[in-house]
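Working notes, structure below.
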Amino acid sequence: MQAISDLIRDVPDFPRPGVLFKDISPLLADADGFALCIEALADPWRQLGVQAVCGIESRGFIFGAALARTLHAGFVPVRKKGKLPPPVIGIDYGLEYGVDRLEVGASALRAGERVLIVDDVLATGGTLEAARRLVDGLGAEVVGGSVVIELAALAGRPRWTGATPLHALILS
Ligand SMILES: O=P(O)(O)OC[C@H]1O[C@H](OP(=O)(O)OP(=O)(O)O)[C@H](O)[C@@H]1O
Ligand SMILES: Nc1ncnc2[nH]cnc12
């Protein structure tokens, strides 16, 4: 994972003082690094019959869509409020640096559909857990969660309350 880690840039005090921002842009721009990252993200899930990948706006779209292609699954966007046409279901959640609302199409997933939830960063864990609850709310089955970077100091992992695995490529 060192090759992937080396392509993530630490930016102090962005977007607010005190936040050490993990910039994934160099990783996305590196063809080999990005491909390696998607294959590594896919590895734990290859035999688990994932039918849909839910990617969280916006950086989760990038990894989620590529992962959906690799796992031969569909892609379902979980978006910030007001971006998806109705009908939607939504949930409010807290961030490391703010409050927001996530929404998903009310018929975007079938009952029992096997879903993997994907994002770039697990920080306080609020975003991933909110997405998990949304998918639960549609009656789909959450197979697990997957992130590129877990920020250990923000201790978000315990907020993932599902019984299913949560995989992180890089623990930072
Ligand atoms: O674990 P948490 O504390 O909930 O934080 C993680 C979330 O924060 C960032 O998204 P952000 O809302 O900044 O949106 P962006 O992807 O559009 O930049 C990141 O992409 C995760 O989605
Ligand atoms: N420190 C951080 N870097 C990048 N994305 C984030 N999302 C929440 N916290 C973050």
Worked verdict on F34 versus I62 for side-chain contact (heavy atoms from CB on, under 4.5 Å): CA-CA 10 Å; F34 188 38; I62 304 166; 3.9 Å; yes
Intermediate values then yes/no, side-chain contact (heavy atoms from CB on, under 4.5 Å), I4 and L36: CA-CA 8 Å; I4 296 171; L36 184 67; 4.1 Å; yes
Verdict with supporting geometry, L71 and W45, side-chain contact (heavy atoms from CB on, under 4.5 Å): CA-CA 8 Å; L71 292 173; W45 313 105; 4.2 Å; yes
Trace of the side-chain contact (heavy atoms from CB on, under 4.5 Å) decision for V142 with W160: CA-CA 11 Å; V142 179; W160 177 259; 4.0 Å; yes
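In the displayed structure, R69 atom CZ is contacted under 6.0 Å by at most 12 heavy atoms of other residues, nucleotides or ligands. By the 6.0 Å contact criterion, NZ on K80 is enclosed, its count of non-hydrogen atoms from other residues, nucleotides or ligands being greater than 12.
Considering only heavy atoms from C-beta on, D92 stays 4.5 Å or farther from D100 through its side chain. Between D43 and L41 the shortest side-chain heavy-atom distance does not fall below 4.5 Å. Within the 4.5 Å cutoff, no side-chain heavy atoms of P26 are placed close to those of I8. Side-chain contact between E129 and T161 is present, with heavy atoms from C-beta onward closer than 4.5 Å. No side-chain heavy atom of V147 sits under 4.5 Å from any side-chain heavy atom of D120. For the pair L102/I56, a side-chain contact is recorded, criterion being any heavy-atom separation below 4.5 Å from C-beta on. In this structure, the side chains of T164 and V143 stay at 4.5 Å or more apart for every pair of heavy atoms. With contacts defined as side-chain heavy-atom distances shorter than 4.5 Å, the pair V135/V104 does not qualify.
For the pair T70 (side chain) and A66 (backbone), a donor-acceptor distance under 3.5 Å is present.
Between A40 and M1, the shortest heavy-atom contact is CB-CE, 4.0 Å. Between I149 and S172, the shortest heavy-atom contact is CG2-CB, 4.0 Å. When all heavy atoms of S25 and D23 are compared, the pair lying nearest together is OG-OD1, 2.8 Å. V78 and A131 make their closest contact through CG1-CB, 4.5 Å (heavy atoms, listed as atom of the first residue, atom of the second, distance). Nearest heavy-atom pair, T124 versus G94, reported as atom, atom and distance to 0.1 Å: OG1-O, 4.0 Å. Taking each heavy atom of A130 and Y93 in turn, the nearest pair found is CB-CB, 3.7 Å.
To the nearest 0.5 Å, atoms CG (L151) and CZ (R157) are separated by 12.0 Å. Between the SG atom in C37 and the CG atom in L28 there is a gap of 8.0 Å [rounded to 0.5 Å]. The CZ atom of R159 lies 8.5 Å from the OG1 atom of T127; values are rounded to the nearest 0.5 Å. The CG atom of L122 lies 6.0 Å from the CG atom of L166; values are rounded to the nearest 0.5 Å. Separating the NE2 atom in H167 from the CG atom in L169 is a distance of 10.0 Å, to the nearest 0.5 Å. For the atom pair L109 CG and C54 SG, the distance stands at 4.5 Å (nearest 0.5 Å).
In summary, R16 and D13 do not engage in a salt bridge, as defined by a charged side-chain N under 4.0 Å from a carboxylate O. For the pair R79 and E57, the salt-bridge criterion is met [side-chain N within less than 4.0 Å of a carboxylate O]. Salt-bridge annotation for R114 and E141: present, with a side-chain N of the basic residue lying under 4.0 Å from a carboxylate O of the acidic one. Between E150 and K22, no side-chain nitrogen of the basic residue sits less than 4.0 Å from a carboxylate oxygen of the acidic one, so the salt-bridge criterion is not met. Using a cutoff of 4.0 Å between basic side-chain nitrogens and carboxylate oxygens, D119 and R59 are not scored as salt-bridged.
In this structure, I91 is not a member of the same hydrophobic cluster as L84, with clusters built from ILVMFWY side-chain heavy atoms closer than 4.5 Å. I170 is connected to V121 through a chain of hydrophobic side-chain contacts under 4.5 Å among Ile, Leu, Val, Met, Phe, Trp and Tyr, so both are in one cluster. Note on F63 and L48: same hydrophobic cluster, where clusters join Ile, Leu, Val, Met, Phe, Trp and Tyr whose side-chain heavy atoms are under 4.5 Å apart, directly or indirectly.
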